[in-house]
Amino acid sequence: MARLNGDEKALHNEFDVVRLKELSIDATHVKVGDIGAIIVVFKGDMYEVEFVNNQGKVIEILTLHAKQIEKIDGAGSLITDLKRRKNKNV
């Protein structure tokens with residue numbers, strides 16, 4: 001799969017926080033409604049999305065089509081949210 005080059009536009013961008021709308025048959029550790037972050041944007045409206053658990057550990061990385069995910073506006077960064085949670089527990 002080819003990555004999107006700098007001149008091309010995509011529906012979503014790297015580091016966008018998204019919700020899983022449709023479950024891929026390849027998924028074993030995530031379910032519809034889980035939250036992830038786009039880590040790679042490919043041509044053809046395809047995205048590599050990383051899903052993490054509450055401790056910030058990666059539980060699954062899936063290649064998904066745009067129709068399978070929806071952007072969560074105003075969600076901020078998953079990494080920032082996890083760091084904030086971790087600091088509250090200290």
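Note: hydrogens, waters and symmetry copies are ignored here, and every other heavy atom, side chains too, is used.
- In this structure, His12 has its ring center closer than 6.0 angstrom to the ring center of Tyr47.
- Looking at heavy atoms from C-beta onward, Leu62 lies in side-chain contact with Phe51 at the 4.5 angstrom threshold.
- Taking Asp34 as the reference, Lys31 meet the side chain to side chain donor-acceptor pair (under 3.5 Å) condition, with sequence neighbours excluded.
- Proximity of a side-chain donor or acceptor of Asn13 to a complementary backbone N or O of Asp16 within less than 3.5 Å is not detected.
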Is there a side chain to side chain contact (heavy atoms under 4.5 Å, CB included) between Val18 and Ile72 once you walk through the steps?
CA-CA 5 Å; Val18 296; Ile72 301 175; 5.7 Å; no

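- Across His29 and Glu60, no two heavy atoms sit closer than the pair N-OE1, 2.6 Å.
- Minimum interatomic distance between Leu11 and Ala66 (heavy atoms only, all atoms of both residues): CD2-CB, 3.9 Å.
- With sequence neighbours excluded, the residues forming a side chain to side chain contact (heavy atoms under 4.5 Å, CB included) with Ile61 are Ile39, Glu48, Glu50, Val58, listed by chain and number.
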Going through the checks in order, is the side chain to side chain contact (heavy atoms under 4.5 Å, CB included) test met by Leu64 and Leu20?
CA-CA 9 Å; Leu64 302 166; Leu20 184 61; 3.8 Å; yes

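- Counting heavy atoms from C-beta outward, Ile69 and Ile38 have side chains that approach closer than 4.5 Å.
- Residue Ile35 comes nearest to Val17 through the heavy atom pair CG2-CG1, 3.4 Å, listed as atom of the first residue, atom of the second, then distance.
- Remark: Lys21 engages no residue in a salt bridge (Lys or Arg N to Asp or Glu O under 4.0 Å) (not counting sequence neighbours).
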